[in-house]
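Here is the structure we will look at, set down as structure tokens.
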Number of protein chains: 2
Amino acid sequence: MKENKKIPPATVKRLPLYLQCLDLVGDDEIGISSSKLAELAKVNDAQVRRDLSYLGTLGTRGVGYDISTLRNQLQLELGLVEGWSAVIVGIGNLGSALAHYGGFREKGFGIVGLFDDDPKKINSQVAGLVIKPLSDLEKYCEKFNVAIGIIATPGEYAQGVADQLIGCGVRSILNFAPVLLKNVPDVQIRSVDLSQELQILSYYLDRPVLKAVD
Amino acid sequence: MKENKKIPPATVKRLPLYLQCLDLVGDDEIGISSSKLAELAKVNDAQVRRDLSYLGTLGTRGVGYDISTLRNQLQLELGLVEGWSAVIVGIGNLGSALAHYGGFREKGFGIVGLFDDDPKKINSQVAGLVIKPLSDLEKYCEKFNVAIGIIATPGEYAQGVADQLIGCGVRSILNFAPVLLKNVPDVQIRSVDLSQELQILSYYLDRPVLKAVD
DNA sequence: GAGTGTGAAAACATTCACAGCT
DNA sequence: AGCTGTGAATGTTTTCACACTC
């Protein structure tokens with residue numbers, strides 16, 4: 001396991017953003033200043049410097065940050081160089097969208113299996129992978145040492161799928177089903193609830209003056 | 001416009017969660033205590049009381065909160081009773097998933113139009129709506145007074161679509177494309193980046209001891 | 001001169017703990 | 001007795017501002 005120097009959660013949430021911003025600067029650019037990066041990421045420049053300082057002393061005073069060093073360090077810190085394997089469970093429209101989404105592979109994640117219990121879907125192909133029944137999950141998790149489970153099922157199946165994933169040794173779950181999953185010790189669960197995002201937006205719709213967070 | 005008593009952003013983010021939790025309690029229950037709600041929402045009970053106190057004095061000391069009053073107040077505060085209209089642009093797998101997603105309507109949003117510029121998709125139906133070309137966007141926005149634009153296009157089209165939506169008077173955008181949209185004054189933009197969520201998970205994957213935020 | 005790294009200040013968010021109401 | 005609403009305490013995050021390095 002990696003050394004546990006603590007990076008504040010608020011900073012962790014911004015690291016992928018910085019990584020994305022680095023891809024936006026021209027290939028000819030070799031360095032970047034905190035203020036330029038701040039402008040791209042739409043945050044304060046002191047914020048950028050504070051955040052990056054948690055990764056070590058990466059910058060050069062009077063000069064800025066070397067882009068490729070910075071990118072490497074961000075990838076390292078986020079664990080994107082470990083090549084984590086992931087499976088997607090629930091291959092409806094959302095699951096298919098996720099399976100096709102190139103951003104995962106590009107960022108170092110490998111989608112190694114698609115699962116669904118609908119007989120009409122089993123054995124059909126999506127994004128070059130054959131859809132398997134959930135009974136094959138354990139076999140896959142062992143074979144590919146699956147670290148991440150992505151849940152894209154309807155709400156009513158999500159908790160059962162989560163339990164199964166955890167039973168197979170998966171320690172990280174990204175949940176798109178609109179339900180609250182039970183907490184389990186040592187298992188990280190992140191939920192993205194599409195309708196909640198819209199509700200937050202709705203609050204600010206009436207109040208154009210206020211600024212949302214995030 | 002609604003009165004602008006300020007609710008802290010961190011609280012606004014939890015209001016939809018409380019609303020969801022209220023649906024979890026039995027229909028026979030008439031009231032709920034902050035500690036019960038806290039348990040369901042997995043937050044501290046003082047947090048619940050503080051959050052709800054921003055909506056006014058809703059509880060009864062010694063008793064708790066009346067569920068239906070609380071639900072009404074949450075919906076009111078979030079602007080879910082205004083019946084905001086939304087359009088979805090980009091009807092690939094993700095856009096289709098969003099179009100089918102029942103949670104939007106249930107929460108008071110009306111999806112009034114689907115748009116895509118792929119000739120193969122135009123005029124076909126998804127979730128009971130006919131897909132229209134982007135050139136029809138302005139007409140729809142006027143006709144239905146569209147408040148929210150949901151972007152589910154590939155990244156390269158997202159900024160153009162956002163510009164068009166804003167040009168049509170849309171003041172709120174929920175963006176699923178993995179790009180950073182330009183900020184525009186008085187336009188609220190929320191981005192959900194699927195790969196960023198996965199990267200945050202990845203950070204904590206190596207560090208089972210640490211707790212993520214959110 | 002330009003731009004980082006970081007103490008110190010300010011702002012924001014969470015939690016404790018209890019007075020006060022039912 | 002039970003549970004809310006909220007001052008006060010604590011913890012976290014952001015921002016300022018400047019000493020320091022290249």
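Lettering follows sequence order; numbering is per chain, from 1.
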Closest non-hydrogen atoms of Q164(A) and L134(A), given as atom of the first, atom of the second and distance, are OE1-O, 3.6 Å

Take atom CG of L24(A) as the centre, draw a 6.0 Å sphere, and report whether it contains more than 12 heavy atoms from other residues, nucleotides or ligands.
-> yes

Within residues 32-41 of chain A, those residues having any heavy atom closer than 4.0 Å to DNA chain C are S33(A), S34(A)

For I88(B) and I151(B): C-alpha separation, side-chain torsions, deciding distance, then whether side-chain contact (heavy atoms from CB on, under 4.5 Å) applies. CA-CA 6 Å; I88(B) 302 174; I151(B) 300 179; over 6 Å; no

To the nearest angstrom, the CG-P distance between L70(A) and dG5(C) comes to 10 Å

Here the distance between atom C1' of dG3(C) and atom CD1 of I30(A), to the nearest Å, is 17 Å

- [ ] Run the numbers on F176(B) and L194(A) for side-chain contact (heavy atoms from CB on, under 4.5 Å), then give the verdict.
- [x] CA-CA 10 Å; F176(B) 289 94; L194(A) 309 175; 3.5 Å; yes

(message) Side chains of S191(A) and N175(A): any donor to acceptor distance under 3.5 Å?
(response) yes

Exercise. Return yes if some donor-acceptor pair links the side-chain N/O of Q199(B) with the main-chain N/O of S195(B) below 3.5 Å, else return no.
Key: yes

Taken to the nearest whole Å, CD/Q47(A) to C1'/dA11(C) is 13 Å

In whole angstroms, the gap separating P of dT4(C) from OH of Y54(A) amounts to 17 Å

| request: Look at all strands and tell whether L52(B) reaches a base, only sugar-phosphate, or nothing, counting heavy atoms closer than 4.0 Å. | output: nothing

Could you check whether any side-chain N or O of T60(A) sits under 3.5 Å from a backbone N or O of V63(A), counting only pairs where one atom can act as donor and the other as acceptor? no

inquiry  = Looking only at side-chain N and O atoms, does D51(B) offer a donor or acceptor that is under 3.5 Å from a partner on T11(B)?
reply    = yes

(Q) I'd like to know if R71(A) pairs up with D23(A) as an ion pair, taking the criterion as any Lys NZ or Arg NE/NH1/NH2 lying under 4.0 Å from an Asp or Glu carboxylate oxygen. (A) yes

Per-nt protein contacts along nucleotides 16-22 of chain C (heavy atom under 4.0 Å; B base, S backbone sugar-phosphate only, - none) come out as BB-BBBS

note: D51(A), atom CG; dT4(C), atom P; distance rounded to Å ~ 13 Å

message: When you measure from the side-chain N and O atoms of Y65(A) to the phosphate of dG5(C), is any distance below 4.0 Å, counting only OP1 and OP2?
response: yes

Base, sugar-phosphate alone, or nothing: which one does T11(A) contact when heavy atoms must sit under 4.0 Å apart?
nothing

